[in-house]
Amino acid sequence: MKTLRLWSACLALTACASTAPASRTSPAATCVKLYAIHCGRVELGDSGFMADDGSMKGVPAETVVPCYLIRHPKGDLLWDSGLSESIADMPDGMRPQGQPVHFEVKKKLTASLGELGLSPADIEFVSFSHLHFDHAGNANLFAGSTWLVDAEERDGAFSEQAHRRGEVPHYSALEHAKTVRIEGDAPYDVFGDGTVSIHQAPGHTPGHTVLLVKTAKSGAVLLTGDLWPLRESRERQLVPVYNASREQTLESMKRVEALAKDSNARIIREHVPEDFAALPAFPAALE
Ligand SMILES: [Zn+2]
């Protein structure tokens with residue numbers, strides 16, 4: 001039903017788009033909407049672990065944790081699911097003992113989706129830049145969606161090592177979800193029309209990915225996961241100490257910069273508050 005409604009809206013918009021300059025976009029791009037949803041914030045007392053050159057030692061950082069909903073006539077894609085919405089029930093958020101860090105969720109993802117008349121069961125596709133708890137914190141709500149995942153990230157997701165490190169619980173329900181494994185190096189075209197594509201950017205984790213979204217009126221944006229977690233990271237090419245591979249991370253930074261240039265895309269560093277704030281405030285959408 002929902003998809004049919006979206007198609008009707010799309011056809012109406014396509015008619016409107018015919019009056020716009022022809023060079024701007026294809027009719028399909030007209031129908032893509034990107035919603036930036038606030039799914040938490042993390043306050044770091046010391047962001048030293050975000051740079052293996054030691055340059056961030058003792059520097060505090062304030063970061064945002066977003067979720068993105070991409071609405072396309074062929075379905076909805078949730079890209080990154082934020083911190084667990086259970087944190088919203090904790091009056092002062094979460095302060096892990098002995099660590100200079102504070103996690104907070106002001107509004108549940110399910111409440112935000114509800115504002116659009118959606119529940120997690122309505123979301124056709126789910127994908128994550130990677131599976132860390134601040135990107136896949138609500139993954140278990142989407143076990144009924146089709147999970148689009150880099151093959152290497154999927155292989156590591158339920159490994160003995162991942163279990164040992166306690167990483168699995170926040171996405172455990174995906175183990176038996178309908179899954180599309182993204183193999184190889186080529187981009188994965190989510191809806192088959194080039195408007196929404198997943199690109200390889202390994203290094204932070206072995207199968208870390210970024211998302212390219214092309215909208216009709218606002219152009220293209222690149223959601224870059226944890227490639228550049230802090231506002232200082234991109235300019236200074238900072239590599240977090242816990243990344244899986246320094247070499248791959250630096251290579252991915254180059255690739256994603258080139259992709260942004262080629263596709264004329266605006267880079268959105270997902271945890272950087274000003275990048276998030278530059279997107280339309282939910283429930284408005286970039287389109
Ligand atoms: Zn991460």
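Whatever order the structure lists ligands and atoms in, that order sets their numbers, starting from 1.
A heavy-atom distance below 4.5 Å is found between the side chains of T209 and W79. With a 4.5 Å cut-off on side-chain heavy atoms, V105 and K107 do not count as touching.
Ring geometry for H130 versus H204: interplanar angle over 60°, hence perpendicular rather than tilted (30 to 60°).
Applying the salt bridge (Lys or Arg N to Asp or Glu O under 4.0 Å) test to residues at least two apart or on different chains, the pairs with a partner in residues 236-248 are D52-R246. Here side-chain hydrogen bond (donor to acceptor under 3.5 Å, both in side chains) pairs that include residues 167-180, with residues two or more places apart or in two chains, are R165-E167. Applying the disulfide (SG to SG under 2.5 Å) rule to pairs touching residues 66-174 yields C39-C67, sequence neighbours excluded.
Annotation: protein N, O or S atoms under 2.8 Å of the Zn ion (ligand 1) (waters excluded) comprise H130 NE2, H132 ND1, H204 NE2, D226 OD2.
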